[in-house]
> 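I'd like to ask you about the structure that follows.
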Amino acid sequence: MSKKGNEHAVTPQSEDFSAWYNELVVRAELADRGPAKGTMVIRPYGYAIWELLQKELDTRIKATGHQNAYFPLFIPESYLTREADHVEGFAPELAVVTHAGGKKLEEALVVRPTSETIIGEMFSKWISSYRDLPLLINQWANVVRWELRPRLFLRTTEFLWHEVHTAHADEADAMRETMVGLATYVDVATNIAAMPVVSGEKTAGERFAGADKTFSIEGMMRDGRALQAGTSHYLGTSFAKAFDIQYADETGGRTLCHTASWGMSTRMIGGIIMTHGDDKGLVLPPRLAPYQVVIVPLGKAELLETTTAAAQQVAAELRAVGVRVHVDLRVNLSPGFKYNDWEMKGVPVRLEIGGRDLEAGVATMALRISEDGKLAVPLAELVAKIPVVLEDFQEFLLARATAFREEHTTPVDDWEAFVEAVTTGWALVLHCGRPECEDDIKEVTKATPRNVPLGGKAETGTCVRCGQPSAYGQRIIFGRAY
RNA sequence: CGGGAUGUAGCUCAGCCUGGUAGAGCACCGCGUUUGGGACGCGGGGGUCGUCGGUUCGAAUCCGGCCAUCCCGACCA
């Protein structure tokens, strides 16, 4: 019996999406705010999600030939300034160490906001011949960007990520690598996070600082806003020039490398929250759920001992087939409290085992989201059934999120419809590609170009805003973004 | 950096207007009763009231400075 307006519930999404998000992150015990502005403590439950995501990414990164390494947190300030666009883009958000060991440093050290520069410096030492290429490196690290407006997971001062940095003999190979990164993100977002994404190229105004081309995956959150969930960059030869990354080709000539980089961060967790969560709390895709199944034994005294033993038995059987299971043994809490608690934490499947269940030889199964209510499942069938239920739930979440995105994506050709479309989702439009027109649109509607979707249907015409000829030969996505 | 708000117990907040030396709910600890959708009783522990200064016999309360955090924008993964 839930008390209305009770302090247990989270603010409804429809009332205040931002409040819903902030409360959920804390209530589901994913993270806490750190004492310094913009810092985040990732709690065990949230970190477990990150570890699962990490494992999926790391496996794919290694499978495509990359090796893990680790580079320093501190970068000499002068490195950042070697690539003009790069320093211009990152200067405003750098944390700089000027004093250490009790005295002023000869040269200030920047806490890495990303590692192109220091890795570029090392690449120049490691690469001398075409035989050294391609060089494919990944690092798991923390980075610091002094953001003006932090939000847990979405934009914290310090965040965790992986960053792949590669050097290649020519543009074609570096571009191929850039696309490997993008494809990896599409795969992980879609098949692991159940987050449908649109992959495409960023417009010039939205490019990574120092990149020739930037590609992104964009997911739609349940408030209709876009989340850039991963980026992959073709960096051309600009970092190779800045850090002297050259190789001797087959004829002995000295040639600049073409480099690429791609990264995905703990922001993904924010994306998962906002893609699947509802007013009861978090909803986790099974592949990223620390606990895919939680079993709540019911009853008291001897009965509780019996149901607990049965729960442990079921748990052991499920673990044997690779299911992540947790048995809720807390004795001081009522069943109702536990149900709400696990729903807040987004556990996909809950099994209740009480006296009535055992008499009937079943467990009562409740999915985190279901129209069918609770189902009685014979104990003997659980081992066969649960993995299927989890797979179905994973697919259900992806299908549901995909349908949501499609319902909130509108091709529009006139300005009025555009303004309307970006208040609830994305607009697919023809655009002139001029940065000043992008700025104008942003000022009026807060919407920005998300990306130029790969594989978009060829289409010509005039810009939805200014009427000049469209620049991309196809429609591009505009939306409000995180 | 603009706009708004807030700092009092672990959390959410009341008390401040009208100065008299700190409260509630939840959480926590103990005991007992409970346990199929957010249990209850009794007892208990816990706060230099963000900070510095001023006014006053006396400041959580009045006045001023400072600091910090949160929310909305600009910047951004």
Side-chain angles (χ1 to χ4, degrees), chain A residues 1-9 11 16 18-19 21-23 26-27 32-39 88-94 113-114 142-163 185 202 205-209 214 216-219 226-233 261-271 280-281 296-301 303-304 307 328 330-344 350-360 363-364 366 373-374 376 439 442-443 446 448 480-482:
Chain A
M1 192 73 59
S2 84
K3 309 161 190 166
K4 73 274 168 256
N6 71 45
E7 69 284 0
H8 297 294
T11 300
D16 184 342
S18 187
Y21 179 85
N22 285 324
E23 291 168 19
V26 173
R27 293 283 308 286
D32 252 344
R33 285 174 220 292
K37 179 184 165 75
T39 59
E88 191 187 326
F90 281 106
E93 52 192 70
L94 293 179
T114 177
N142 58 340
V143 288
V144 168
R145 299 182 187 177
W146 217 258
E147 299 291 354
L148 301 176
R149 178 124 177 260
R151 270 162 85 66
L152 290 172
F153 287 114
L154 300 174
R155 205 183 303 103
T156 44
T157 297
E158 177 190 2
F159 59 91
L160 305 181
W161 76 346
H162 88 87
E163 46 181 328
Y185 293 154
K202 286 291 197 183
E206 298 273 322
R207 248 175 230 146
F208 175 74
T214 288
S216 73
I217 57 167
E218 306 278 336
L227 183 79
Q228 178 175 309
T231 48
S232 187
H233 318 288
S261 67
W262 35 292
M264 178 178 270
S265 73
T266 38
R267 166 179 264 201
M268 256 312 263
I269 295 175
K280 287 201 283 187
V296 182
L298 304 168
K300 56 178 177 177
L303 178 58
L304 182 59
T307 57
D328 190 343
R330 293 175 291 180
V331 294
N332 53 332
L333 299 174
S334 70
F337 183 95
K338 292 179 180 179
Y339 301 163
N340 284 289
D341 190 40
W342 294 116
E343 282 162 7
M344 179 64 70
R350 183 179 71 243
L351 294 176
E352 303 162 16
I353 298 181
R356 295 205 298 264
D357 298 301
L358 288 185
E359 278 172 31
T364 297
K374 300 184 185 184
D439 291 346
K442 182 175 184 182
E443 181 151 348
K446 295 187 173 67
T448 50
R480 294 178 183 165
Y482 278 97

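Here the structure is a predicted model, which is why all the values come from computation and not from measurement. Just so you know, these numbers use all the heavy atoms, side chains as well, and skip hydrogens, waters and symmetry mates. Convention: sequence-line order gives letters A, B, ...; per-chain numbering from 1.
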> Over all strands shown, is A:Arg330 touching base, sugar-phosphate only, or nothing at heavy-atom distances under 4.0 angstrom?
nothing

> Just checking A:Thr364: base, sugar-phosphate only, or nothing, at a heavy-atom cut-off of under 4.0 Å?
base

> To the nearest angstrom, how far is A:Asp341 atom CG from B:rG37 atom P?
16 Å

> Have a look at A:Gly354 and say if it touches a base, only the backbone sugar-phosphate, or nothing, with a 4.0 Å heavy-atom cut-off.
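Base: the residue A:Gly354, judged by heavy atoms under 4.0 Å, touches a nucleobase.
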
> Could you please name the partner base of B:rU33, counting Watson-Crick and G-U wobble pairs only when both distances are under 3.5 Å?
B:rA39

> With sequence neighbours excluded, tell me which residues meet ring pair (Phe, Tyr, Trp, His ring centres under 6.0 Å) with A:Phe153.
none

> To the nearest 0.5 Å, tell me how far A:Arg155 CZ sits from A:Tyr482 OH.
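Here the rounded value is 9.5 Å.
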
> Return the pairing partner of B:rG45 with a 3.5 Å limit on both distances, Watson-Crick or G-U wobble; otherwise return none.
none

> Using a heavy-atom cut-off of under 4.0 Å over every strand shown, decide if A:Lys300 touches base, sugar-phosphate, or nothing.
base

> How many whole angstroms separate atom OH of A:Tyr21 from atom C1' of B:rC71?
15 Å

> Can you tell me the distance, in whole Å, between the CG atom of A:Leu333 and the C1' atom of B:rC26?
14 Å

> Please check if any side-chain donor atom of A:Arg151 sits under 3.5 Å from a side-chain acceptor atom of A:Ser18, or the reverse.
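Checked: A:Arg151/A:Ser18 side chains pair up, N/O donor to acceptor below 3.5 Å.
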
> Figure out the CG/P separation between A:Leu304 and B:rU35, and round it to whole Å.
11 Å

> Between B:rA60 and B:rG20, how far apart are the two C1' atoms, rounded to whole Å?
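The same atom, C1', in both gives a distance of 13 Å.
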
> Please give the distance between the P atoms of B:rG53 and B:rC40 as a whole number of Å.
46 Å

> What is the pairing partner of B:rC16, taking Watson-Crick or G-U wobble pairs with both distances under 3.5 Å in any strand?
none

> Using purine N1 to pyrimidine N3 plus N6-O4 or O6-N4 for Watson-Crick, or N1-O2 and O6-N3 for G-U wobble, each under 3.5 Å, what pairs with B:rU21?
none

> Run A:Met264 and A:Ile217 through side-chain contact (heavy atoms from CB on, under 4.5 Å) and show every step you take.
CA-CA 10 Å; A:Met264 178 178 270; A:Ile217 57 167; 4.0 Å; yes

> When both hydrogen-bonding distances must be under 3.5 Å and the geometry is Watson-Crick or G-U wobble, what is B:rA9 paired with, if anything?
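Answer to the pairing question: none, since B:rA9 forms no Watson-Crick or G-U pair.
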
> How long is the line joining CG of A:Asp439 and P of B:rA74, in whole Å?
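Going from CG in A:Asp439 over to P in B:rA74 covers 12 Å.
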
> Between the side-chain atoms of A:Lys338 and the base atoms of B:rG36, is any donor-acceptor pair under 3.5 Å?
no

> What nitrogen or oxygen pairs link the protein and nucleotides 75-77 of chain B at under 3.5 Å?
unit_1 : atom_1 : unit_2   : atom_2 : d
B:rC75 : OP1    : A:Lys442 : NZ     : 3.2
B:rC75 : OP2    : A:Lys442 : NZ     : 2.5
B:rC76 : O2'    : A:Glu147 : OE2    : 2.9
B:rC76 : O2     : A:Arg155 : NE     : 2.7
B:rC76 : N3     : A:Arg155 : NE     : 3.1
B:rA77 : O3'    : A:Gln228 : O      : 3.2
B:rA77 : O3'    : A:Gln228 : NE2    : 2.9
B:rA77 : O3'    : A:Arg267 : NH1    : 3.3
B:rA77 : O2'    : A:Arg267 : NE     : 2.6
B:rA77 : O2'    : A:Arg267 : NH1    : 2.3
B:rA77 : O2'    : A:Arg267 : NH2    : 3.3
B:rA77 : N7     : A:Glu147 : OE2    : 3.4
B:rA77 : N6     : A:Thr156 : O      : 2.6
B:rA77 : N3     : A:Ser265 : OG     : 3.4

> Could you check whether the rings of A:Trp262 and A:Tyr185 sit parallel, tilted or perpendicular, using 30° and 60° as the cut-offs?
perpendicular

> State the pairing partner of B:rG2; accept Watson-Crick or G-U wobble contacts with both distances under 3.5 Å, and report none otherwise.
B:rC72

> Using only atom types and a distance under 3.5 Å, with no angle test, would you say the side chain of A:Tyr21 pairs donor to acceptor with the backbone of A:Asp16?
no

> Considering non-hydrogen atoms only, spot the tightest contact between A:Lys442 and A:Thr448 and give its length.
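Shortest heavy-atom contact: CD-CG2, 3.5 Å.
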
> If you find the nucleotide of RNA chain B closest to A:Thr39 and the one closest to A:Lys374, which residue's nucleotide is nearer the 5' end?
A:Lys374

> For A:Phe337 and B:rA27, what is the distance between atoms CZ and P respectively, to the nearest whole Å?
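In whole Å, B:rA27 P lies 8 Å from A:Phe337 CZ.
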
> Find the distance A:Arg480:CZ to B:rA74:P and express it as a whole number of Å.
10 Å

> Distance from A:Thr157 atom OG1 to A:Asn142 atom CG, nearest 0.5 Å?
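Between atom OG1 of A:Thr157 and atom CG of A:Asn142 there are 12.5 Å.
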
> Answer with base, sugar-phosphate or nothing: what part of the nucleic acid does A:Glu343 contact at a heavy-atom distance below 4.0 Å?
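The residue A:Glu343 makes base contact.
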
> How far does the C1' atom of B:rC62 sit from the matching atom of B:rU56, given to the nearest Å?
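Looking at atom C1' only, B:rC62 and B:rU56 are 10 Å apart.
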
> Checking contacts here: which listed nucleotide (B:rG36, B:rC71, B:rG73) is nearest the side-chain heavy atoms of A:Lys446?
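Selected nucleotide (nearest to the side chain): B:rG73.
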
> Do you know the tightest heavy-atom contact between A:Leu152 and A:Asp32?
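Nearest heavy atoms, A:Leu152 then A:Asp32: CD2-O, 4.2 Å.
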
> Rounded to the nearest angstrom, tell me the gap between atom CG in A:Asp328 and atom C1' in B:rU35.
12 Å

> For B:rC49 and B:rC31, measure between their P atoms and round to the nearest Å.
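My reading of the P atoms in B:rC49 and B:rC31 gives 34 Å.
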
> Between B:rU55 and B:rC11, how many Å separate the two P atoms, rounded to a whole number?
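It works out to 34 Å between them.
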
> Please report the distance separating the P of B:rC16 from the corresponding atom of B:rU48, rounded so that it comes out in whole Å.
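Each nucleotide's P atom is 22 Å from the other's.
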
> Could you check whether any side-chain N or O of A:Ser216 sits under 3.5 Å from a backbone N or O of A:Glu218, counting only pairs where one atom can act as donor and the other as acceptor?
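Judged by distance alone, no pair lies under 3.5 Å.
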
> When the C1' atoms of B:rC29 and B:rA22 are compared, how many Å lie between them, rounded to an integer?
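Their C1' atoms lie roughly 22 Å apart.
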
> Quick one: look up who B:rG64 pairs with, Watson-Crick or G-U, both distances under 3.5 Å, and put none if it's unpaired.
B:rC52

> Taking any heavy-atom pair under 4.0 Å as a contact, classify A:Asn22: base, sugar-phosphate, or nothing.
sugar-phosphate

> Would you measure the distance from the C1' atom in B:rC75 across to the matching atom in B:rG37 and give it in whole Å?
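Pairwise C1' distance, B:rC75 against B:rG37, rounds to 46 Å.
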
